[in-house]
Amino acid sequence: MLLTEELSGLVGRAFAAEGYDAALGAVRVSDRPDLAQFQCNGALAAAKAAKANPRAVGEKIAARLKDESMFSEVSLAGPGFINLTLTDDALASRIAALAADHRLGGWTATAPETVVLDYGGPNVAKPLHVGHLRSAIIGECLKRLFRFVGWTVYGDIHLGDWGLPMGQLITELKREQPSLPYFDEAISGPYPDASPVTLEDLERLYPQASAACKADEARAAEARQATAELQAGRPGYRALWKHFISVSRAGIEREYDDLGATFDWWKGEADVDPLIAPMVDKLRAKGVAVEDKGAVVIRVARDDDKKEYPPLILYKSDGGVMYGTTDLATIVDRVESVNPDRMLYVVDGRQRDHFEQVFRASDIAGIYPKDRLEHLWFGTMNGKDGKPFKTRAGGVLKLRDLIDMVEERAAERLKESGFAEGYGDDEAAEVAHRVGLAALKFADLSNPRTSDYIFDIDRFVAFEGKTGPYLHYASVRVRSVLKKAEAADAGAPGPILITEKEERDLALTLLQFGEATKDAVEKRLPHYLCEHAFTLAQAFSKFYAACRMVDEKDDAIRTSRLSLATAAGRQLDVILDVLGMPAPEQM
RNA sequence: GACUCCGUAGCUCAGCUGGAUAGAGCACCCGCCUUCUAAGCGGGCGGUCGCAGGUUCGAGUCCUGCCGGGGUCGCCA
């Protein structure tokens, strides 16, 4: 049980004994650490409801708590805050339990769920750019976090391989190499096994095609036509399209691998293509899908809507499908395959209206209830000027280049600081990779998911203060000092004995891990976990600066500190693993 | 125009169901390596919480209006 839950239960019983709602006993970490470790504000709420004096209510509750042996102090302050401070013995016994737990006090879901987590969402032929960063990083972290608390998670990359860009690629290639057999309607296969394009070709063709279609309506129409024919099953286009996907996927896989993002499913929009026709037929029969202006749609607007929700288009008037169609069919697919308790989408907030449409459509169609579909949207990534991020040259920054930049900077810092002395080239590169990636990930994850995001290179390569590398540094120092202790035969970690303020603060921080994981899971907000990780690293750093370990003469104090350091290091490493940014062995 | 997210220290941001003296990090200034990694630790400077009303014993937090910015608004994804 979480410490705050244990305390809330205790205080809640005191409220109940005085005839109040036990829920008023909610205890949380104190806002005023100078006054107490924990606080309960329930007396204020109780007094409000009962029209009584809050201090009088507080006095009665406090009086009932004074006998509890785990408190060293129970007091009433201000308008009616109940302040609680634990005895060092009570803290020590709870740290002992935490250290014995292989999850270091992490929260365990009371009702574990099975969920599909949809994140990543890269598109065929488009190299990943900074815009893909957040979905990958947040999604990967949520996947690990949910698993950590006991959920079953299927991570699906949901590859964009079925829309208009495919038709644009086809028509663009046709202009360059019109003699390829894929374009000859007289030929229906077999087609060559070798791809007519390389990854570099695709990355050149797509922007070319995209620009051409924007500038020339005839080209756009041509691409739409090709898309519709591809989706209708034209053999040459299908064969060509398969090459696009396999060539593209290899590159995409490599990039996610560098980011440390892995997926259980590599499904694409096209995988649900066979489900679309039967799905739409069924919905037409039910009267859910209707014809409108030549298209087939599901109307999702409600009378009490504040804004106008356009219908979800299943078939365009040219017969092609849209991403809303594949999104809906993907829900069908997920219900049929694993029938999860929930489906979660880690996608940019600019698509909120779209998901609202899809979720409503799913609900109306009876495919899957809306209240189990969640769009875990994240903020828009802007440049320093508040406008959509662009490089100095005005283009998009490739993810690959960003990662290289950060790792180079990490390597430089490693050299400057003299940390890399004695490391082989391989290890130095590995350290730079881990530290650089942590800088990148922590800079992203430590913002609340829903906040808009100022993309700032300088922030990503800053390794001081509240950063990923700071967490790594703390982790490495724990390892290092424990190694030194072992070499000096300083004894095994012993019973917890709290004497110094820094020890007490570290213990209290360690005990807050459970709440941090619970908050992060329930709100689907990784930054709660980041906040805790930083507080923990800070508490350890202060402890490290104030409390000697290896050469502390008092045996009991020394071995206790080794225990505290061990617990702190293990908890930090568990968190770094969940955040997807494991620390190097040394740095 | 409608809807939506947002406006907190010089900069980037926290602030949980309204509660005590609004917190971090960076930047700036001062101090700390003959002792376990100074990517660290301690101290200082810095805020009319966009503006104006309202609800409340109590508002950065809730309500209304205004100002300023981002985003979305049927056959792109």
Side-chain angles (χ1 to χ4, degrees), chain A residues 26 28 30-32 34-35 39 41 44-45 47-48 54 77-81 83 121 123 160 162-165 168 210 213-214 220 223-224 227 269 292-297 305-313 315-318 320 322-324 348-354 357 377 379-380 382 384 386-388 410 413-414 416-419 435 443 446-448 450-452 454 456 458-459 462-467 469-470 472-474 476-477 479-485 488 490 515 519 523 525 527-528 531 534-535 538 541-542 544-552 565 586-587:
Chain A
R28 65 179 199 213
S30 178
D31 291 335
R32 292 286 305 272
D34 52 319
L35 299 179
Q39 66 179 333
N41 296 353
L44 295 162
K48 190 172 201 167
F81 302 106
N83 283 337
N123 295 307
W162 203 229
L164 184 62
Q168 293 178 328
S210 171
C213 289
K214 211 174 254 175
R224 281 197 298 271
T227 307
E269 297 176 293
D292 187 10
K293 296 175 191 161
V296 178
V297 307
D305 281 339
K306 282 198 201 160
K307 70 174 297 182
E308 206 178 316
Y309 281 98
L312 187 75
I313 296 175
Y315 282 125
K316 297 189 287 180
S317 41
D318 70 1
M322 296 191 39
Y323 75 136
D348 192 298
R350 283 174 291 191
Q351 306 220 12
R352 266 183 296 174
D353 288 355
H354 167 70
Q357 282 177 278
W377 58 276
T380 309
N382 293 322
K384 274 177 148 175
K387 292 185 203 145
R413 281 303 305 275
L414 206 58
E416 280 167 22
S417 315
F419 286 178
V435 171
S446 55
N447 283 318
T450 55
S451 291
D452 276 347
I454 302 281
D456 181 357
D458 296 333
R459 244 182 89 218
F463 295 163
E464 280 89 35
K466 194 172 182 178
T467 64
Y470 175 84
H472 277 184
Y473 189 62
V476 163
R477 291 215 286 186
R479 244 190 300 290
S480 174
V481 73
L482 291 177
K483 231 181 272 174
K484 283 239 160 76
E515 187 138 34
D519 283 347
K523 297 179 177 131
L525 291 172
H527 85 281
Y528 282 103
E531 201 58 44
F534 180 64
T535 307
Q538 236 177 0
S541 294
K542 290 177 184 186
Y544 181 90
C547 301
R548 302 297 304 175
M549 280 171 266
V550 179
D551 51 14
E552 165 60 46
Q586 50 176 354
M587 65 188 271

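Throughout, protein chains are lettered first and strands after them, A, B, ... in sequence-line order, and every chain is numbered starting at 1. Atoms considered below: every heavy atom in the structure, side chains included; atoms not considered: hydrogens, waters and symmetry mates.
- Interatomic distance, A:Gln586 CD to A:Arg479 CZ, rounded to the nearest 0.5 Å: 9.5 Å.
- Per the geometry, CG belonging to A:Asp31 stands 9 Å off C1' belonging to B:G15, to the nearest Å.
- Which of B:C5, B:G15, B:A20 sits closest to the side chain of A:Gln39 comes down to B:A20.
- In this structure, A:Gly78 reaches neither bases nor backbone, as no heavy-atom distance under 4.0 Å exists between it and the strands shown.
- Using a 4.0 Å heavy-atom criterion, one finds that A:Arg28 contacts the bases of the nucleic acid, with or without backbone contacts as well.
- Nearest to the side-chain atoms of A:Arg352 among the listed nucleotides B:G25, B:C5, B:G40 stands B:C5.
- In this structure, A:Gln168 reaches neither bases nor backbone, as no heavy-atom distance under 4.0 Å exists between it and the strands shown.
- The minimum heavy-atom distance between A:Arg459 and A:Asn447, with the atom names listed, is NH2-ND2, 3.7 Å.
- Remark: P of B:G74 and CD of A:Glu308 are 9 Å apart, rounded to the nearest angstrom.
- Where A:Pro448 and A:Ser541 each meet RNA chain B at their nearest nucleotide, the meeting point lying more 5' is that of A:Pro448.
- Nucleic acid contact class of A:Lys307 (heavy atoms, under 4.0 Å, all strands): base.
- Rounded to whole Å, the separation between the P atoms of B:C49 and B:A22 comes to 11 Å.
- A:Gly160 comes within 4.0 angstrom of no nucleic acid atom, judged by non-hydrogen atoms across all strands.
- For the pair A:Tyr528 OH and B:C16 P, the computed distance is 7 Å after rounding to whole Å.
- Within 4.0 Å of A:Met549, counting heavy atoms only, lies at least one base atom of the nucleic acid.
- Toward the 5' end of RNA chain B, the nearer of the two residues A:Trp162 and A:Asp34, judged by each one's closest nucleotide, is A:Asp34.
- Among the nucleotides B:C13, B:C36, B:A77, the one closest to the side chain of A:Ile454 is B:C13.
- Counting any heavy atom pair closer than 4.0 Å across all strands shown, A:Leu164 reaches sugar-phosphate atoms only and no base atom.
- Side-chain atoms of A:Lys48 come within donor-acceptor range of the base of B:G58, with a qualifying N/O pair under 3.5 Å.
- Going from atom CZ of A:Arg479 over to atom C1' of B:U37 covers 12 Å, rounded to whole Å.
- For A:Glu464 and B:C28, the CD to C1' distance is 15 Å, given to the nearest whole Å.
- Among the nucleotides B:A77, B:C75, B:C36, the one closest to the side chain of A:Ser317 is B:C75.
- Partner assigned to B:G1 is B:C73, using Watson-Crick or G-U wobble distances below 3.5 angstrom.
- Between A:Asp353 atom CG and B:U4 atom C1' the separation is 8 Å, expressed in whole Å.
- In this structure B:C30 sits in the anti conformation; its chi angle is more than 90° from 0.
- Nearest approach of A:Val481 to A:Tyr544, heavy atoms of both residues: CB-CE1, 4.2 Å.
- B:C26 is paired with B:G10 under the Watson-Crick or G-U wobble criterion, all donor-acceptor distances under 3.5 Å.
- Pair check for B:G58 finds none; no Watson-Crick or G-U wobble contact set falls under 3.5 Å.
- Within the nucleic acid shown, A:Glu269 comes within 4.0 Å of sugar-phosphate atoms alone, with no base atom in reach, counting heavy atoms only.
- The shortest side-chain heavy-atom distance between A:Met322 and A:His354 does not fall under the 4.5 Å cut-off.
- Side chain of A:Ile313, nearest nucleotide from B:G74, B:G25, B:U12: B:G74.
- B:A24 atom C1' lies 13 Å from atom CG of A:Asn447, rounded to whole Å.
- When the C1' atom is used for both B:A27 and B:C11, the distance is 8 Å, rounded to whole Å.
- Base engagement by A:Phe81 is indicated by at least one non-hydrogen atom pair under 4.0 Å involving a base atom.
- In this structure, A:Glu416 reaches neither bases nor backbone, as no heavy-atom distance under 4.0 Å exists between it and the strands shown.
- Judged by distance alone, with hydrogens and angles left aside, A:Lys293 brings a side-chain donor or acceptor within reach of the base of B:G74, the pair sitting under 3.5 Å.
- For B:C41, the paired nucleotide is B:G31, the pair qualifying as Watson-Crick or G-U wobble because both relevant distances are below 3.5 Å.
- Between A:His527 and B:G15 there is a side-chain polar atom (N or O) within less than 4.0 angstrom of OP1 or OP2.
- Contacts of A:His354 with the nucleic acid, taken as non-hydrogen atoms under 4.0 Å apart, are absent.
- Surrounding CD of A:Glu416 are more than 12 heavy atoms belonging to other residues, nucleotides or ligands, all under 6.0 Å away.
- Between B:C75, B:G15, B:C36, one nucleotide has an atom nearer to the side chain of A:Ala295 than all others, and that is B:C75.
- No contact: A:Leu312 has no heavy atom under 4.0 Å from any strand.
- Spacing of P atoms, B:C75 relative to B:G60, comes out at 44 Å, to the nearest Å.
- When heavy atoms are screened at a 4.0 angstrom cut-off, A:Tyr544 is found touching base atoms of the nucleic acid.
- The aromatic ring of A:Phe534 does not sit over the base of B:A24, since the test of centres under 5.5 Å and planes under 30° is not met.
- Interatomic distance, OG1 of A:Thr467 versus CZ of A:Phe534, reported as 8.0 Å (0.5 Å rounding).
- Pairing each heavy atom of A:Arg477 with each of A:Ser541, the nearest pair is NH2-OG, 3.8 Å.
- Put simply, CH2 on A:Trp377 is 19 Å from C1' on B:A77, counting in whole angstrom units.
- Contact annotation: A:Lys306 does not reach the phosphate of B:A2 (side-chain N/O to OP1 or OP2, under 4.0 Å).
- Comparing B:G25, B:A38, B:A77 by their closest approach to the side chain of A:Tyr323 singles out B:A77.
- Between B:A14, B:G19, B:C16, one nucleotide has an atom nearer to the side chain of A:Glu531 than all others, and that is B:A14.
- A:Asp348 comes within 4.0 angstrom of no nucleic acid atom, judged by non-hydrogen atoms across all strands.
- Candidate nucleotides B:G25, B:G74, B:A14 were compared by shortest atom distance to the side chain of A:Ser451, and B:A14 ranks first.
- For A:Asn382, whose side chain is taken as the heavy atoms from C-beta onward, the closest listed nucleotide among B:G74, B:U37, B:G70 is B:G70.
- Contact of A:Asp452 with B:G71 (side chain to base): no donor-acceptor pair of N or O atoms is detected under 3.5 Å.
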